[in-house]
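Hydrogens, waters and symmetry mates play no part in the numbers below; they use all other heavy atoms, side chains included.
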Amino acid sequence: MSLPAGTGALLHLALRRDRLLLVWVLYVAVVPVALAASIAALYRTAAARQAFAEVGGHTAALVAFYGTLSGHSAAELASWRAGFVPVVVGLIALLTVIRHTRAEEEAGRRELLAGSVVGRQAALAAALLEATGATLAMALLLAAGMTLERLPLAGSLALGLQYALVGLLFAAVGAVAAQLTESASAARAVAVVVLAVTFVMRMGGDLSQLARGPVSWLSWVSPLGLLEQIRPYAQDRWWVGLVALAPTAPLLLVAVWLASRRDLGRGLLGVRPGPARAARWLRSPLGLAWRLQRGLLAGWVAGLAVTGLVVGAIT
């Protein structure tokens with residue numbers, strides 16, 4: 001199956017515009033490697049690592065933030081301490097796809113390009129290729145860095161696979177969200193809510209498992225929790241990756257199908273018409289900025305509040 005016409009040119013354009021994406025790729029790849037180096041330096045003996053694991057692995061706040069701990073080796077502790085990094089990977093992937101699909105349509109650039117030799121699905125294909133390439137590059141750099149820290153190659157590849165599958169999944173989520181709404185901010189909100197729900201489900205399942213509660217199965221239902229079950233450096237369950245990959249292909253097919261069923265610049269979800277007359281407070285630049293950004297601001301305030309509660313509990 002060939003790519004839509006113009007996909008290569010749009011991919012080249014996206015890569016030129018997203019040079020800072022390389023910084024994020026390097027950052028995400030370096031964080032677990034730096035954690036592995038610091039843990040090896042701080043906890044030099046098996047007894048010290050086991051003592052740390054017994055405390056951290058049974059602390060509810062740490063389990064909620066990082067996930068469950070499978071062992072006390074330096075590699076397992078580093079993988080566990082980087083437990084929030086997959087959320088960042090998913091966030092980068094979905095934002096990248098929305099930036100080059102729905103945001104381009106909202107700005108009017110997609111309509112301008114449509115007058116040239118560009119296929120209907122070229123923008124979506126280019127965005128997905130960029131997100132996929134960045135995710136795979138990050139996973140390979142991560143695996144190489146962990147191997148250079150003298151950690152097992154199989155576990156390093158399993159950790160890279162875990163991160164790569166998160167990126168691929170939420171790139172597909174971003175692609176679907178971009179077809180549903182008429183604005184980039186709404187598409188980001190939909191995709192981020194999906195990411196947040198999967199994280200909360202993973203958190204609830206892991207905490208239930210820690211307390212021997214009845215909803216530990218949530219960790220297997222949540223994509224983030226499911227990918228956690230790969231258990232890099234402990235069990236290296238490769239088959240879990242295949243199971244976690246299953247939702248990605250249907251989501252991509254849904255995104256392509258939705259993109260072919262809607263008009264350019266429109267979304268599948270209708271926009272509610274506003275009042276005929278604007279309120280007086282909208283007459284100032286400050287009022288307009290508040291009206292445009294209040295949803296995003298409320299989301300960030302809520303997210304930072306939850307983060308503060310978790311970090312405070314950890315402290």
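The distance from the CZ atom of Arg294 to the OG atom of Ser185 is 11.5 Å, given to the nearest 0.5 Å. In this structure, Leu207 CG and Thr68 OG1 are separated by 10.5 Å, a value rounded to the nearest 0.5 Å. A distance of 14.0 Å separates CD in Gln209 from CH2 in Trp217, rounded to the nearest 0.5 Å. Atom OG of Ser216 is separated from atom CG of Asp206 by 9.5 Å, given to the nearest 0.5 angstrom. The structure places CD of Gln293 at 9.0 Å from CG of Leu288, a figure rounded to the nearest 0.5 Å.
Annotation: side chain of Leu169 is not in contact with side chain of Leu245 (no heavy-atom distance under 4.5 Å). The shortest distance between side-chain heavy atoms of Ser219 and Gln229 falls below 4.5 Å. Contact annotation: the side chain of Ser70 never approaches that of Tyr233 to less than 4.5 Å [non-hydrogen atoms, C-beta and beyond]. The shortest distance between side-chain heavy atoms of Leu195 and Thr198 falls below 4.5 Å. Counting heavy atoms from C-beta outward, Val192 and Leu91 have side chains that approach closer than 4.5 Å. Side chains of Trp290 and Leu297 form a contact here, defined as non-hydrogen atoms less than 4.5 Å apart.
In this view, Ala158 and Ile230, Pro232, Asp236, Trp238 satisfy the side chain to side chain contact (heavy atoms under 4.5 Å, CB included) rule, not counting sequence neighbours. Take Ala191 and apply the side chain to side chain contact (heavy atoms under 4.5 Å, CB included) test, not counting sequence neighbours, and it matches Leu94, Ile98, Val173, Ala177.
Under a hydrophobic clustering in which Ile, Leu, Val, Met, Phe, Trp and Tyr are joined whenever their side-chain heavy atoms come within less than 4.5 Å, directly or via other members, Trp239 and Leu161 fall into the same cluster. With hydrophobic clusters built from ILVMFWY side chains whose heavy atoms lie under 4.5 angstrom apart, Val197 does not share a cluster with Leu227. Following chains of ILVMFWY side-chain contacts shorter than 4.5 Å, one can reach Leu26 starting from Val166, so the two form part of one hydrophobic cluster. Note on Val63: it clusters hydrophobically with Leu69, by side-chain heavy-atom contacts below 4.5 Å among ILVMFWY residues. Both Met201 and Val193 sit in one connected hydrophobic cluster of ILVMFWY residues. Membership requires side-chain heavy atoms under 4.5 Å apart, directly or through other members.
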Show me, pair by pair, the donor-acceptor contacts under 3.5 angstrom made by side chains of residues 34-49, not counting sequence neighbours?
from, atom 1, to, atom 2, distance (Å)
Ser38, OG, Ala34, O, 3.2
Ser38, OG, Leu35, O, 2.9
Arg44, NE, Ala41, O, 3.4
Thr45, OG1, Ala48, N, 3.2
Arg49, NH1, Tyr43, O, 3.1

Please list, one pair per line, the donor and acceptor atoms closer than 3.5 Å that link side chains of residues 128-148 to other protein atoms, with sequence neighbours excluded.
from, atom 1, to, atom 2, distance (Å)
Glu130, OE1, His100, NE2, 3.2
Thr132, OG1, Leu128, O, 2.7
Thr135, OG1, Ala131, O, 2.8
Thr147, OG1, Ala143, O, 2.7

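Checked options Leu224, Thr96, Leu165; the residue passing with Phe170 is Leu224 (criterion: side-chain contact (heavy atoms from CB on, under 4.5 Å)). None of Leu251, Leu252, Val97, Leu253 except one satisfies the side-chain contact (heavy atoms from CB on, under 4.5 Å) rule with Val176; the exception is Leu251.
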Legend entry - Pair Leu124-Val256, side chain to side chain contact (heavy atoms under 4.5 Å, CB included): steps then yes or no: CA-CA 8 Å; Leu124 179 60; Val256 172; 4.1 Å; yes
Inset, instruction - Please report the C-alpha distance between Arg188 and Thr181 in whole Å, then the side-chain angles of each, then the deciding distance to 0.1 Å, and finally whether the side-chain hydrogen bond (donor to acceptor under 3.5 Å, both in side chains) criterion is met. - result: CA-CA 9 Å; Arg188 295 187 196 103; Thr181 63; over 6 Å; no
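With 3.5 Å as the limit, one finds a donor-acceptor pair spanning the side chains of Ser73 and Glu76.
Around CZ of Arg291, the count of heavy atoms belonging to other residues, nucleotides or ligands within 6.0 Å does not exceed 12. Residue Trp220 places its CH2 atom among more than 12 non-hydrogen atoms of other residues, nucleotides or ligands, all under 6.0 Å distant.
Remark: side-chain polar atoms of Arg102 are paired, donor with acceptor, to backbone N or O of Ala178 under 3.5 angstrom. The backbone N or O of Gly8 sits nowhere less than 3.5 Å from a side-chain atom of His12 that would complete a donor-acceptor pair. Arg202 contributes a side-chain N or O that, together with a main-chain N or O of Ala64, makes up a donor-acceptor pair within less than 3.5 Å. No donor-acceptor pair closer than 3.5 Å links the side chain of Arg231 to the backbone N or O of Arg237. Listed for the Thr59 side chain is no donor-acceptor partner under 3.5 Å among the backbone atoms of Leu62.
The aromatic rings of Trp80 and Phe52 lie perpendicular to each other, with more than 60° between the two planes, well past the 30° mark.
Listed here is the closest heavy atom pair of Gly71 and Leu77: O-CD2, 4.2 Å. Of all non-hydrogen atoms in Ala60 and Leu210, the two that sit nearest each other are CA-CD2, 3.9 Å. The two residues Gly83 and Pro86 come nearest to each other via the heavy atoms O-CD, 3.3 Å. The two residues Pro250 and Ala246 have their closest heavy-atom pair at CD-O, 2.8 Å. Here the closest non-hydrogen pair linking Pro247 and Ala244 is CD-O, 3.0 Å.
In this structure, Val23 shares a hydrophobic cluster with Leu20, the cluster being traced through Ile, Leu, Val, Met, Phe, Trp and Tyr side chains under 4.5 angstrom apart.
Aromatic ring centroids of Tyr66 and Phe84 lie 6.0 Å or more apart.
A salt bridge (charged side-chain N to carboxylate O under 4.0 Å, His left out) check over residues 3-25, counting only residues at least two apart or in different chains, returns the pairs Arg17-Glu104, Asp18-Arg99.
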